[in-house]
Amino acid sequence: MPEYEFIDVYVPRGVSRKEAARLLTDHAEYGHWELDRLALRHDGSRRVRLRRRIIRQLRPTW
């Protein structure tokens with residue numbers, strides 16, 4: 001079973017859809033994050049949860 005780490009990003013209501021998409025694209029491209037969940041709130045703000053897989057290095061057994 002893969003392990004993930006999560007980050008929550010809050011996007012205020014004044015931010016356009018295009019700017020929010022650019023913000024999330026930057027996170028995905030440079031931080032290797034992917035979209036896990038997006039919640040549009042009643043006040044127009046967005047709460048975005050991003051995730052990325054944790055890759056564990058195994059020690060060599062000599």
Side-chain angles (χ1 to χ4, degrees):
M1 186 85 176
E3 293 184 47
Y4 293 98
E5 64 178 314
F6 297 91
I7 185 173
D8 289 327
V9 178
Y10 175 75
V11 182
R13 72 178 192 172
V15 177
S16 70
R17 180 182 271 185
K18 186 175 182 179
E19 291 173 14
R22 185 175 47 216
L23 172 75
L24 297 176
T25 301
D26 288 343
H27 275 291
E29 195 169 325
Y30 299 115
H32 303 288
W33 293 97
E34 60 185 27
L35 182 65
D36 181 54
R37 182 168 296 163
L38 178 98
L40 180 61
R41 301 205 168 184
H42 293 292
D43 64 352
S45 64
R46 299 173 186 93
R47 188 181 68 82
V48 182
R49 175 170 275 182
L50 302 173
R51 71 178 186 182
R52 69 178 166 189
R53 192 170 184 180
I54 299 173
I55 300 173
R56 303 231 184 253
Q57 295 286 335
L58 297 177
R59 289 189 195 182
T61 56
W62 301 75

Sequence neighbours excluded and cut-off under 3.5 Å, please list the side-chain donor-acceptor pairs for residues 18-33, or say none.
{"unit_1": "Thr25", "atom_1": "OG1", "unit_2": "Ala21", "atom_2": "O", "d": "2.7"}

- Measure the CG-CG distance between Leu50 and Asp36 for me, rounded to the nearest 0.5 Å.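 Leu50 CG to Asp36 CG: 8.0 Å, rounded to 0.5 Å.
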- Closest heavy-atom pair and its distance - Arg46, Leu40: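 So the two residues come closest at CG-CD1, 3.8 Å.
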- Task: Check the surroundings of atom CZ in Arg37: do more than 12 heavy atoms from other residues, nucleotides or ligands lie under 6.0 Å from it?
- Result: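 Not buried by this count: 12 neighbours or fewer within 6.0 Å.
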Donor-acceptor pairs under 3.5 Å, side chain of residues 1-12 to any protein atom, not counting sequence neighbours: which ones?
{"unit_1": "Glu3", "atom_1": "OE1", "unit_2": "Arg56", "atom_2": "NH2", "d": "3.1"}
{"unit_1": "Glu5", "atom_1": "OE2", "unit_2": "Arg52", "atom_2": "NE", "d": "2.9"}
{"unit_1": "Asp8", "atom_1": "OD1", "unit_2": "Arg49", "atom_2": "NE", "d": "3.1"}

- Sequence neighbours excluded, which residues qualify as side-chain hydrogen bond (donor to acceptor under 3.5 Å, both in side chains) partners of Arg51?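 Arg51 satisfies side-chain hydrogen bond (donor to acceptor under 3.5 Å, both in side chains) with Glu34 once adjacent residues are dropped.
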